[in-house]
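These numbers come from the heavy atoms of this one structure, side chains and all, not from hydrogens, waters or symmetry mates.
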Amino acid sequence: MITLYQFATSPFAEKVRRALNFKGIDFEIHEVARQKVPAGEYKHVSPTGKFPTIQDGEQVVWDSTDIVYHLEQAHPVPALIPEDKRAAGLTHALEEWADESLYFYEMTMRLTWEHNLDAALDEFSASLPGIPKEQLKTMILQTAGQLTETQGIGRKPKDQVISDMHRHIDALDSMLVDRKWLVGDALTLADIAVVSQLNALRYASEADAAVQNTKHVLGWVERIDQLAPA
């Protein structure tokens, strides 16, 4: 039995859950107590203190991408990485787009814009019991703000971030014209990675409105939910 150590609020944990469910792998979830991480409570499964992590027998794997590739090797059917090299390369590129670009848009819009953080605060509060919500809200706004400002998106004016986000959503919608999936004729890691970041981004009212206005994205999300539920 695989154990998934996760923060439920993490889109990277959603990516791993979807991969496990798509492959039909039995697993159990251990929700990480955030306040225990700095003290080294989870060093045996995550020396870096980052999650998600899985424990698969005696083997521990951290980083969501490494986890999925581990699952792909141990449980190759059904596949998430295409055999065709060009398709595999495109899958990799789209996963990187999700994990390294869309991620910082969802961080900025979901966690540093106060009106959107309110919609996600209950879920964060569940993993940090005992901290008053207003105190937690201030902590998240400050911590996420520092990260996104360092990365760069957090230094942009809000209207520019919204404009950028619309370009990303429009690009996703365009990739799905006359197609069921982002790469080839079957669901791949690209679909799972992108939809996981998209779902976190949609906590932002501005992003959800953009998604609702697309022609192809919502149907694609439904197809992924059927084959690889979160």
Side-chain angles (χ1 to χ4, degrees), residues 7-16 34 48-52 63-65 89-125 127-128 131 133-177 182-183 189-218 220-221 224 230:
F7 299 132
T9 54
S10 167
F12 298 102
E14 177 177 330
K15 180 169 72 169
V16 173
R34 291 177 188 264
T48 63
K50 294 184 178 181
F51 298 91
D63 182 90
S64 63
T65 299
L90 182 56
T91 298
H92 169 75
L94 288 171
E95 185 196 17
E96 285 291 297
W97 172 54
D99 290 0
E100 303 298 335
S101 182
L102 295 183
Y103 170 63
F104 281 100
Y105 281 92
E106 71 90 359
M107 281 275 289
T108 300
M109 297 178 71
R110 176 173 70 139
L111 301 183
T112 73
W113 295 4
E114 190 170 351
H115 65 286
N116 290 326
L117 177 57
D118 286 336
L121 195 58
D122 284 346
E123 294 178 26
F124 282 91
S125 183
S127 66
L128 285 164
I131 299 179
K133 283 189 179 179
E134 283 305 311
Q135 180 182 345
L136 178 61
K137 183 176 180 178
T138 299
M139 289 169 53
I140 294 173
L141 288 170
Q142 290 177 347
T143 302
Q146 290 171 356
L147 287 171
T148 57
E149 284 183 11
T150 299
Q151 186 269 346
I153 293 175
R155 296 196 299 271
K156 292 183 177 182
K158 284 187 177 182
D159 59 350
Q160 186 176 354
V161 174
I162 292 171
S163 177
D164 291 349
M165 175 273 297
H166 275 280
R167 281 199 293 267
H168 284 295
I169 300 299
D170 289 345
L172 175 60
D173 202 43
S174 296
M175 283 186 273
L176 291 166
V177 173
L182 292 176
V183 178
L189 177 56
D191 299 290
I192 286 178
V194 174
V195 80
S196 297
Q197 296 295 340
L198 183 69
N199 283 338
L201 181 59
R202 289 178 69 185
Y203 276 87
S205 58
E206 301 86 353
D208 187 60
V211 171
Q212 295 292 343
N213 199 40
T214 59
K215 294 181 179 180
H216 310 287
V217 173
L218 293 175
W220 167 76
V221 171
I224 298 171

| request: Sort and list the pairs that fulfil side chain to side chain donor-acceptor pair (under 3.5 Å) and have at least one residue in residues 89-100, not counting sequence neighbours. | output: Lys15-Glu95, Lys15-Asp99, Thr65-Glu95, Trp97-His168
| message | Applying side chain to side chain donor-acceptor pair (under 3.5 Å) as the test, list every pair that has at least one member in residues 146-157; sequence neighbours left out. | response | Lys156-Asp164
Taking side-chain hydrogen bond (donor to acceptor under 3.5 Å, both in side chains) as the test, write out the residues that go with [X], two or more places apart.
| X | value |
| --- | --- |
| Asp173 | none |
| Asp170 | none |
| Tyr103 | none |
| Ser10 | none |

| remark: For Gln135, the side-chain contact (heavy atoms from CB on, under 4.5 Å) test, sequence neighbours excluded, returns Ile131, Pro132, Met139
| remark: side-chain contact (heavy atoms from CB on, under 4.5 Å) filter on Ser205, not counting sequence neighbours, yields His115, Asn116
Kindly write out the residues that satisfy salt bridge (Lys or Arg N to Asp or Glu O under 4.0 Å) with [X], not counting sequence neighbours, or none if the list is empty.
| X | result |
| --- | --- |
| Glu123 | none |
| Glu206 | none |
| Lys133 | Asp122 |

Do the side chains of [Y] and [X] get nearer than 4.5 Å, heavy atoms only?
| X | Y | value |
| --- | --- | --- |
| Leu182 | Leu172 | yes |
| Gln160 | Met165 | no |
| Leu198 | Ile169 | yes |
| Gln197 | Phe12 | yes |

| side-chain contact (heavy atoms from CB on, under 4.5 Å) assessment of Leu147 paired with Thr112 | CA-CA 10 Å; Leu147 287 171; Thr112 73; over 6 Å; no
Just how far is it from atom [atom1] of [X] to atom [atom2] of [Y], taken to the nearest 0.5 Å?
| X | Y | atom1 | atom2 | answer |
| --- | --- | --- | --- | --- |
| Tyr203 | Asp208 | OH | CG | 11.0 Å |
| Arg167 | Ser174 | CZ | OG | 13.0 Å |
| Leu94 | Leu102 | CG | CG | 9.5 Å |
| Leu201 | Met107 | CG | CE | 12.5 Å |

Which pair of non-hydrogen atoms, one from [X] and one from [Y], has the smallest distance, and what is that distance?
| X | Y | result |
| --- | --- | --- |
| Val161 | Ile153 | CG2-O, 3.8 Å |
| Ala207 | Met109 | N-CE, 4.2 Å |
| Val16 | Pro52 | CG2-CG, 3.9 Å |
| Ile140 | Leu111 | CG2-O, 3.8 Å |
| Ala98 | Ala193 | CB-O, 3.6 Å |

| query | Between the main-chain N or O of Tyr105 and the side-chain N or O of Thr108, is there a donor-acceptor pair closer than 3.5 Å? | reply | no
| Would you say Thr138's side chain and Glu134's backbone share a donor-acceptor pair under 3.5 angstrom? | yes
| request: Step by step, work out the side-chain contact (heavy atoms from CB on, under 4.5 Å) result for Arg110 and Leu117. | output: CA-CA 5 Å; Arg110 176 173 70 139; Leu117 177 57; 5.9 Å; no
| task | Go through the steps to decide whether Trp113 and Leu141 satisfy the test side-chain contact (heavy atoms from CB on, under 4.5 Å), and finish with yes or no. | result | CA-CA 8 Å; Trp113 295 4; Leu141 288 170; over 6 Å; no
| said: Strictly below 4.0 Å, N to O, side chains only: are Lys137 and Glu114 in salt-bridge contact? | reply: yes
| For Arg34 and Thr9, does a side-chain donor sit closer than 3.5 Å to a side-chain acceptor? | yes
| field | Sequence-distant partners of Phe7, ring-ring contact (aromatic ring centres under 6.0 Å, His included), two or more places apart | value | Phe51
